[in-house]
Structures are given as structure tokens and as C-alpha cells.
Amino acid sequence: MERRAQQKKNPKRRAEKEAKRAGANTTEADVGLGAGNGEEGEAVEGKVAEAARAARETACYMYHVCYSRLGRYNEGLEIYIRMLNSGLLPNEYAFGSVLRSCAESGLLRTGAQLHGSIVKLGLVQNVFVDSSLITMYAKNQNFETAIGVLRRMKEGDVFSWTSLVVGFSNSGRALEALKLFSQMLEEDIRPNEYTLTSVLKACTSLEDLKEGCQIHGYAIKTGFEEDTSVRISLLRLYAEIGDVSSARSVYDRSAICDVILCTAMIGGYAQTGRMELAIEIFLQMLVEFEILPNEFTFANVIAACADVGDCRCGTCFHSFALKTGHAYIVHVEGALIDMYAKSGNLKDACKVFENMEEKEAISCSSILAGFSSNGYDQEALKFYSTLHRSSVTPDPFALASATISCAKLAHQLQGKQIHVQIIKRGHESDNCVASALIDLYSKSGSIEDAHRVFEQLVRRDRITWTSMIDGYAQHGEGRKALELFECMIEEGAQPNEVTFVSVLYACSHAGLVKEGLRYFHLMSSNYGIVPVLHHYACVVDLLGRAGQLEEALQFIKRMPLEPSPLIWKAFLGACRIHNNLDMGIYASSRLLEMEPEDDATYVLVANMYAAVGRWSDALVVRNLMKNRGVRKAPGFSWIEVGKSFHSFGAGDTIHPQIELIHKALDELNFEMKKTGYVPETVFSLHDGDEIEKEKILSYHSEKLALGFGLIATASGSPLRIFKNLRICGDCHNALKVISLIRSRTIVVRDVSRFHHFREGKCSCGDY
DNA sequence: ATAGGGTTAG
């Protein structure tokens, strides 16, 4: 019921869809448009002539009513054909209308035929007709002809110039729109509010704040700032850049508030995670301005709840939308799915999806993104496979989300199957998809395949660059990551804050201290990016790993931001590597004040005590942890063999082939010792006799996974092992030896990075 | 009686 009521409220969109569908079914050749061929040589006189003209005018008027009021472009076309058949000649208005139909329905050939008729009838050089022609060609992506029409005009006016600016801007050709705009100014044609909205939109998509501010100045000077559309475009510009306070001041200065302006403001707050302020505007709109929200308003305000994962507020808006009849509109449903998924309420997310009348690709991508970006990767893949069997075609975003889930789970095989779908559907060169694929291959251990995807891209954007840089960084190839960064700059791509996290990470994991510090400073001085906690944590890690613990500590103390747990964790990790117990204790006490529930801190400190043999202190920490009810996350490792995954916990005995695995590992241990390998029992972290410690070490989860890999795969083939925690120092040493004596390449991804073991060495250089 | 403003994702 509610759904139907809503459809009535929104006839334009439905009509547009209808027109599109019908347009697709009409063969353009069948229409056989053409005017000016009819030769009514007979001269009609008096009343008959008058009646004919009246009829023609009526036809033109009906035309207009059809297309403009209802958006029924196709029916407009039919009337046009009837008009021709009854021997009437279209005038400039009829041409304008019918060209509009062609523009909206993608009928380029028909439009071009009309263009021919217009020339025949001598209607060129009519500003009205020419503007319509420009719009028609631009909407159909034929910019060459559109530019030709404008150049041919003796006197272009605001309409014709603006039509082309709009055409560029709406087709994502923002730079060309801005260029045309400045040419327009040079030719002394004064832009109006329509031109300004379009160029502001272009600035927004380019994130060109400088140009946008100049246009803002121009709008204030000319008074066009008062126009609501211009205001909304300005608001959008500032919101997109992330400057919500400027967006708010545009909003506050507005004398007139309509639903779109309010919605845009809510959207601005939603984008920056300011749920309370978004709700404040929503209420102001409702109570103070007495404006009713529409589907966009709901989508935005629900998105604001989604951003902070506030399911309670989100649910309120859901029931509100049910009452107003906006709940079953696809974008609202998408926002609801997103909101429920982000707040971890997967059940309601799925419920909304199940109730959708039309399960569009867009909502599938919402739910998939919701799952995958919230850590529900298994669920995402399960959902994807049901999708795959249904009639819904996943769009690039859905494919990207599924790929990202595979990447996080390191399910390379399943990822490859999605890759096949991506190729089949021709989405390979989509940057969003490509960056997911790069992530997939690098996270599942095949950096070469990641690079292959990257190389094939024709147009690379900052995200694909960043993914590739991050891939090299994760694999410890710091130099390659930095080279790639320099290439990125050379090709004119703008790095963002994420890019710099990867760059700094690359430096810290490759021991490039000098370079890392240089990039850290470059980031703000050259690229205007204000470092956030993540960047500071990278620098702490950079200094700390290199053994410059004192410098790292000074750096933390000089930070303009309050050090977060992330910072202290980086520092504590460094203390552990360099066995600096005093500083480690200092860092851990900071950490335990902030996050007494985090198991990793206790474990790290206990390990540090154990490493220097202070077993009783280690025990104190372990007991403290126990008393506070904190449990250590169990470590486990897994390996992909054939089509399935085999996962192992430390000392696991569940696997059906566990006896064979133990036998293989024992043999290996024996051979390893012959090469001079000595188990580093300090990593055993339990007090006890040496034999006991050794036994525990040799059955660590990563070793069990390795043992299985060795017996289950052909000799010489590479092995890829994944671990949910950090690889232990002894296993690291052991794997080096094993890679040599078994002639295997072993790739291990632990929680923080990749290790490539080859011929007795590891890519991390033991760093 | 020609044109413009707002939604999902990484």
C-alpha cells in the first residue's frame, strides 16, 4: 500500500524509466523521422489555413505538455510523428521539445535526423533550436558536434554556452566544463545561476576548492548567491571538501529553505559523521520550517546514523519513513541496509533486503559493502554466492566488495572466481574493482599477480596507486613502494592521507628511517595533508623498529594530538623487538590505563618479562589479566590447499591427518638441527623444562599449517600460510631453514605484514 | 515554451 502511494507521488521518475524502456524498444530507423519533405503545393486560404495553423499550434502545445509536465518523452515523440503525418511543419518550439526527448532517451540518430530537417527548414541560427541541439548532442556524448554547433552560431548566448557547460559537467568532464566557462568569460558572455551551479558541480567533483571559492566570490558579487540552486551547489562543494562549517554558513545565510537545501546540509553532516547535527537540521526542517522530508532526506539522515553505527536512532527514522511512505524507495532501503549492517545488526539489514520489491544491483552492493566493511566477510561471501545464483547482476561495487572480503580472508581461489566474473562483465578497468583485486592478490600473498592487475590499467587513480603501494609495503618491499609513489606523483595523481599511511608503513617495515621522516614532513608541507594519529603511529613504529626508542618517545611527547592506544602499541612493539623492558613497562602502563581489556598488551608485557627470564613478573601480569577477566585471543593459522582451507590452533589435535603432520614436523626438526638450527625456547613463554618448551614450539599453529602444506602439496610448490596473530620469533627462524632444506617458497601473512621465505632468507630481512 | 541543485562504495 505504502509503496504504491509513493509511486504516485513520484510519477516523473517512473515516467523516465518508462521512457527509457520504450526508447530501448524502438528501433530508431523505424521512426523514420524527417520533416520538410512533404510538398503541400496547394495553397490553402482563409479559414482553412487558419484552422491548420491552429491545429499545428495545438499539436505543439500538447507536445510540450506531454514531455515537460510528465516527463513522457516517448509519447511526445509519437505526437510529433502524428504531426508530421498530418502534414504539419514543426516550428522551433516543437523542435526544441522533440530534441529534448532525444536527449533524455538517448536517441542520437533520431536527433541527428532532426538536425538535418532543421537545416532544411532554415531554422539554424535560432538560439532556441541551437541550444536544444547542443543539449541533445552533449547528453548523447557527441561533444564534437555539440562544440561544432556552438562555434557555428553567429552569436552564442548564455543559453547555448550554458547548455554545453552543463553537458560537460554532467558527463563527468569537469575540466572541460571549467575551461569552457573561462572561455565564456573571455567572450564576455555573462554566466547566470544555471551556469554557476554547473561549474560549481565541476569544482566539487574535482575537489577544486580554489576555483570553487572564486566562483563563490563571483556569485556574491553578482547576487546569484541568493539563488537556492547556487547555494546548494556551494554547500555541496564545501561539504565534499570536508569543510562543514563553511557549508553550514552557506546554509545559515539562506533566506529561503527548501527541502533540497536542508537535505544537502544533512548530507554534509552525514558525510563527516556528525549524526547529532544532522538530526538537528532534520528537526529544524520539520518543526521550524514545516518542510516535509522526502526520500533523499531520509536516505541522508539514515546515512548519518549509519556512519556512527547508531542503530537506535536509525531504527526511529526507519519507522518514521514507514509512516510517511518513504521506506520502500530504493535509496532509502540502501541507506537502511547500510545503517543496520554498520551497526552490526545483520538480521535487520537482510530483512530490509528481503522485503525489497526490486532487488537492484545497487542494494546488493549496499548489503555486500555493509557486510564486508564491517568485518562480516564470511557472510558477505555467502551472500554473494546466493546473489550469483539469483537473477540480480552484481554491479562493479558489489564485485569489489566481494573481492575485498576475499582479500581480507585471503581466499585467493574464491577471489579468482570473482575475478573471472569481473572479466566476463568487463569491469576489469574499473578503478574501484581493480584496487580490490590488487588488494586481493597482495593480501593473499601473490604480489606479482597484484602488479599484473595494476599494470593493465589504462587510467590509474589515487586509489589504485595507493593499493599497489600498500601491496609492496605489506610485502616489505619498501624501495619498490617508494619508487611507485614517485611515479604516481609524476603522473599527476594526488596522494591522500591513506597513500601516506602506506608510504610511511613501507618505510618503517624496510628500515628507511631517513626517507620516512622526509615523507612525513613532505605530507603536510607539499600536499597540505594534516597528519592524523595513524601517521604518527607509523613514525613511532619507524623510529622504534630502527632502535631509536628515545627519539620515538620524544616524538610521542611532542605530538600535537593526545597519544592514542595505537601510538603506545607501536611503541610497545618496538620495545619488545629491542628488549627494552623499562620503556616497555612505561608504554604498557599507559596502554593498560586506556584499554584494560586488550589482551595483546598483557601478552606482550608478559612475553617481555619471560624473555629476560623474569618468570615471576610474567606470572603477575598473566594473573592480573586473568583477574580482570581478559582472555588471550587464541592464535591460529590456516592454509589454502586445493579448494579448501585447513586451520590449526596451537597444539591442535583435531585435524584428521594430525599424526602424519606431527611425524613430518618431527622429521623436519631432526634435519633442521643437523644444519645447526637451535630452537629459541625464550619464545615458548612458559616456564618449564627445555624439552617441554621445544615440543610446544614445534607444534605452534603456523608450524602445523606448514606441516600439512608439506605433506598435502607437490614438492617444490609454493606454500601460503596465514596467521591471525604475529608470527613468533622461533617460527620465523625455523621457516627460513625449512625453505632452504625443502626448497620451497613459503609466504606467511601474519597480522601485520608478509614474510617471504626463500632459500634460507626472509624478505623482511629479520627487521 | 530552451538549462541547474540532493542518494550507495573504496
Side-chain angles (χ1 to χ4, degrees), chain A residues 57 60-61 63-65 67-68 91-97 99-100 103 126-136 138-139 157-167 169-170 192-201 204 224 227-237 239 258-268 270-271 294-303 306 329-338 360-370 372-373 395-401 403-404 430-436 438-439 461-464 466-467 498:
Chain A
E57 273 161 17
C60 293
Y61 178 66
Y63 209 114
H64 172 249
V65 170
Y67 98 76
S68 162
N91 60 11
E92 71 233 65
Y93 298 121
F95 273 122
S97 305
L99 282 170
R100 168 79 188 268
N126 176 311
V127 263
F128 187 94
V129 172
D130 280 340
S131 295
S132 306
L133 275 172
I134 290 169
T135 301
M136 188 277 294
K139 274 240 160 95
D157 65 345
V158 206
F159 284 112
S160 41
W161 280 84
T162 302
S163 296
L164 194 53
V165 172
V166 168
S169 164
N170 282 346
N192 62 15
E193 67 271 35
Y194 288 81
T195 331
L196 294 183
T197 48
S198 254
V199 284
L200 282 170
K201 199 174 164 187
T204 307
F224 287 125
D227 182 271
T228 313
S229 293
V230 172
R231 227 180 251 291
I232 291 161
S233 305
L234 283 166
L235 197 160
R236 281 289 320 140
L237 170 75
D258 72 356
V259 64
I260 303 182
L261 184 71
C262 295
T263 302
M265 190 66 246
I266 293 170
Q271 270 176 353
N294 65 15
E295 75 232 60
F296 293 105
T297 325
F298 275 113
N300 280 349
V301 80
I302 292 165
I329 298 172
V330 77
H331 293 302
V332 179
E333 289 170 317
L336 283 168
I337 288 169
D338 201 39
E360 290 191 8
I362 212 169
S363 23
C364 298
S365 76
S366 280
I367 204 162
L368 267 173
S372 125
S373 59
D395 68 1
F397 296 128
L399 292 165
S401 294
T403 308
I404 287 161
D430 183 305
N431 274 324
C432 168
V433 172
S435 70
I438 293 169
D439 209 32
D461 66 0
R462 80 159 58 134
I463 293 160
T464 37
T466 302
S467 301
V498 185

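As the structure is a prediction and not an experimental result, all values here were calculated from the model. In the text below, chain A, chain B and the rest are named by the order of the sequence lines, each starting its count at 1. Hydrogens, waters and symmetry mates are skipped; everything else that's a heavy atom, side chains included, is used.
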Query raised in the report: Taking only residues two or more places apart in sequence, or in another chain, which ones meet T195(A) in a side-chain hydrogen bond (donor to acceptor under 3.5 Å, both in side chains)?
Result: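 Once residues adjacent in sequence are excluded, the partners of T195(A) under the side-chain hydrogen bond (donor to acceptor under 3.5 Å, both in side chains) criterion are T162(A), N192(A).
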Minimum-distance nucleotide (side-chain atoms of [X] versus [options]):
X: S365(A); options: dA3(B), dT8(B), dG10(B); value: dT8(B)
X: Y194(A); options: dG6(B), dA3(B), dG10(B); value: dA3(B)
X: I463(A); options: dG6(B), dG10(B), dG4(B); value: dG10(B)
X: D227(A); options: dG6(B), dG4(B), dT8(B); value: dG4(B)

[N], OP1 or OP2 - any side-chain N/O from [X] closer than 4.0 Å?
X: N170(A); N: dG5(B); answer: yes
X: K201(A); N: dG4(B); answer: no
X: R100(A); N: dA3(B); answer: yes
X: N431(A); N: dG10(B); answer: no

Just how far, in rounded Å, is [atom2] of [N] from [atom1] of [X]?
X: E333(A); N: dT8(B); atom1: CD; atom2: P; result: 16 Å
X: D258(A); N: dG4(B); atom1: CG; atom2: C1'; result: 13 Å
X: D130(A); N: dA3(B); atom1: CG; atom2: P; result: 15 Å
X: R231(A); N: dG5(B); atom1: CZ; atom2: P; result: 17 Å
X: F224(A); N: dG4(B); atom1: CZ; atom2: P; result: 16 Å
X: I260(A); N: dG5(B); atom1: CD1; atom2: C1'; result: 6 Å
X: I266(A); N: dT8(B); atom1: CD1; atom2: P; result: 13 Å
X: R236(A); N: dG6(B); atom1: CZ; atom2: P; result: 7 Å

Just to be sure I understand the rule, does [X] reach a base, reach only the sugar-phosphate, or reach nothing, if contact means heavy atoms closer than 4.0 Å?
X: N294(A); result: base
X: A400(A); result: nothing
X: S160(A); result: nothing
X: N192(A); result: base
X: I404(A); result: sugar-phosphate
X: S435(A); result: nothing
X: S131(A); result: base

Requested in this report: Examine distances only and state if a side-chain atom of N300(A) and a backbone atom of T263(A) form a donor-acceptor pair shorter than 3.5 Å.
Outcome: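 Pair found, side chain donor or acceptor close to backbone of T263(A).
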Query raised in the report: So, Y93(A) versus F128(A), ring centres under 6.0 angstrom or not?
Result: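 Close enough - the centres of the two rings lie under 6.0 Å apart.
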Query raised in the report: If you take all heavy atoms of T464(A) and I438(A), which pair is closest and at what distance?
Result: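 Smallest heavy-atom distance, with atoms named: O-CD1, 4.0 Å.
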Requested in this report: Could you pull out the closest heavy-atom pair between E92(A) and V129(A), with the gap in Å?
Outcome: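 Heavy atoms of E92(A) and V129(A) come nearest at CB-CG2, 3.6 Å.
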Requested in this report: Return the set of residues passing side chain to side chain contact (heavy atoms under 4.5 Å, CB included) with S233(A) (not counting sequence neighbours), or none when no residue passes.
Outcome: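 With neighbours one apart ignored, the set is T197(A), L200(A).
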